[in-house]
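Before any comments, here is the structure.
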There are 2 protein chains.
Amino acid sequence: MQLKTKELSSKQQRIVEFIREFWLENNFPPSVRDIVAGCGLSSTSVVDYNLKILEKKGAIRRHREVSRGIELPSPPDSSNNLNVPVIGQIAAGQPIPVPDNDTWDITSNADTIEVTRDIVRGREGVYALKVKGNSMIEDLINDGDIVLLQSVNFVENGETAAIWLKSEKEATLKKFFLEPSGKIRLQPANSQMGPIYASPDNVEVQGRVIAVIRRMG
Amino acid sequence: MQLKTKELSSKQQRIVEFIREFWLENNFPPSVRDIVAGCGLSSTSVVDYNLKILEKKGAIRRHREVSRGIELPSPPDSSNNLNVPVIGQIAAGQPIPVPDNDTWDITSNADTIEVTRDIVRGREGVYALKVKGNSMIEDLINDGDIVLLQSVNFVENGETAAIWLKSEKEATLKKFFLEPSGKIRLQPANSQMGPIYASPDNVEVQGRVIAVIRRMG
DNA sequence: ACCCCACAAGAACATCTGTTCTGTTATTTT
DNA sequence: AAAATAACAGAACAGATGTTCTTGTGGGGT
């Protein structure tokens with residue numbers, strides 16, 4: 001007597017996820033037997049059984065007697081969009097939870113932002129942070145902006161990056177410079193503010209900024 | 001001896017168009033027999049014959065032995081994207097060609113930028129400008145940024161807007177304030193720069209900024 | 001006329017595929 | 001423990017569907 005509501009069993013989640021992946025890859029929905037193979041199930045009847053439940057729960061829509069007649073409520077944008085997870089906020093003094101490597105759990109209930117593919121430009125490991133507070137205004141980044149970051153451990157000199165200062169336990173967006181002296185200079189964009197100097201072993205690059213999106217009005 | 005090249009016969013164009021419509025409506029590709037019915041053809045072999053040609057010409061992609069295994073090179077936008085015309089650049093001292101009213105010629109060969117619908121949020125008369133030069137850096141807008149504007153003639157106090165100064169023949173992005181004195185104050189965002197004061201009849205609001213998109217790296 | 005070729009009609013075929021039927025197993029309820 | 005229910009397994013059926021085969025048509029070119 002569980003699952004009366006909209007909660008999906010793990011198998012059902014897996015099926016939905018597979019449908020989405022399949023659709024993304026092939027631009028058309030999978031057949032029942034594709035799902036059997038893709039989810040390692042044993043029988044088409046199992047799929048049908050669960051698809052019926054999924055339909056009742058509103059997770060999918062089916063067209064009877066039509067091959068591959070499965071619709072997702074929000075069809076994965078086969079074309080030009082990507083869903084980038086917004087994994088948190090960034091503000092001075094706040095830690096960033098960084099995703100482990102590149103195995104994202106897109107299906108998790110994390111917020112996502114939909115961006116056109118030309119912004120991501122094929123890069124892997126892209127995530128987004130919402131800027132909280134005005135502490136990054138010197139980098140032309142404002143409160144409420146969304147910054148898109150590529151998860152990398154190293155950046156070129158002069159790139160804007162999300163940087164974790166270990167001892168201070170602070171995350172911040174700054175321009176990154178490795179000085180000839182071996183020190184690392186974190187440079188704000190405004191001449192009113194001086195740079196921050198840190199030793200390399202106190203600095204951890206979390207990602208570099210590849211885009212900023214600001215909505216107003 | 002026609003159609004050796006990529007040109008499509010009227011029947012083939014019709015088929016492609018039908019596939020696109022069908023896909024748009026159902027979120028999955030049509031079967032061969034759907035095309036027969038939808039295009040008023042007489043036989044599945046006619047469809048198959050033409051689909052093979054279409055595939056050779058690169059108009060579609062087919063997956064053999066897979067029902068509804070038709071892909072369009074650019075699958076129809078399932079509704080989340082809009083193409084916004086980039087009608088020019090904005091920089092101090094440069095005029096902006098502003099579109100007449102709200103009847104855009106989207107099909108014109110003007111550059112467009114594709115943005116997700118959630119950025120436009122249903123607004124009409126949205127266009128984009130590419131920022132040239134660093135003259136707007138005070139508004140957290142940088143060289144190379146794309147600003148999305150909604151074409152309006154009036155803005156609220158405090159909104160960032162594209163403003164045309166008639167006598168100076170200058171276009172600029174500034175925060176707009178109507179002062180109690182009746183003058184208009186155009187306020188940059190940086191305290192280092194003072195505001196510009198102008199009389200209302202010298203000011204023409206061209207649009208208000210609804211989003212900023214900056215790509216880096 | 002003749003032949004060649006693009007194109008189409010219609011039927012037939014072999015899969016593919018959604019659905020159903022009959023059980024079986026595990027879990028929960030009484 | 002017995003009954004009820006959820007979930008799964010396997011097979012089979014019927015319709016959907018891609019593909020192919022044969023035949024027909026109409027026009028150009030020689």
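As a basis for the values below, the full set of heavy atoms in this structure was taken, side chains included, without hydrogen atoms, waters or symmetry mates. Below, chains carry the letters A, B, ... as their sequence lines are ordered, and counting in each starts from 1. This is a predicted model, so every value here is computed, not measured.
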From [atom1] of [X] over to [atom2] of [N], roughly how many Å is that when rounded to an integer?
X	N	atom1	atom2	result
Leu51(B)	dT19(D)	CG	P	9 Å
Arg64(A)	dT20(C)	CZ	C1'	14 Å
Asp48(A)	dA9(D)	CG	C1'	14 Å
Arg62(A)	dG18(C)	CZ	P	8 Å
His63(A)	dA16(D)	NE2	P	16 Å
Asp34(B)	dT17(D)	CG	C1'	10 Å
Arg33(A)	dG18(D)	CZ	P	16 Å
Glu65(B)	dT20(D)	CD	C1'	11 Å

Exercise for the section: Check whether more than 12 heavy atoms from other residues, nucleotides or ligands sit under 6.0 Å from atom CD of Glu156(A), and answer yes or no. Expected result: no

Practice task
Check the surroundings of atom CD in Glu204(A): do more than 12 heavy atoms from other residues, nucleotides or ligands lie under 6.0 Å from it?
Solution key: yes

Exercise for the section: Report yes if a side-chain nitrogen or oxygen of Tyr49(B) is closer than 4.0 Å to either non-bridging phosphate oxygen (OP1 or OP2) of dA8(C); otherwise report no. Expected result: no

Problem - Asn50(B) side chain near dA6(C) phosphate (N/O to OP1/OP2, under 4.0 Å) - result: no

Practice task
List in chain and number order the residues that pass salt bridge (charged side-chain N to carboxylate O under 4.0 Å, His left out) with Lys52(A), two or more places apart in sequence or in another chain; answer none if no residue qualifies.
Solution key: Asp48(A)

Ignoring hydrogens and geometry, is there a side-chain-to-backbone donor-acceptor pair from [X] to [Y] under 3.5 Å?
X	Y	result
Asn202(A)	Ala198(A)	no
Arg68(A)	Ser67(B)	yes
Arg215(A)	Ala211(B)	no
Arg62(B)	Glu55(B)	no

Handout entry: Positions of residues 39-47 of chain A (non-hydrogen atom under 4.0 Å from DNA chain C), listed by number
Key = Thr44(A), Ser45(A)

Problem - Closest listed nucleotide, where the reference is the side chain of Lys52(B) and the choices are dG18(C), dT20(D), dT17(C) - result: dT20(D)

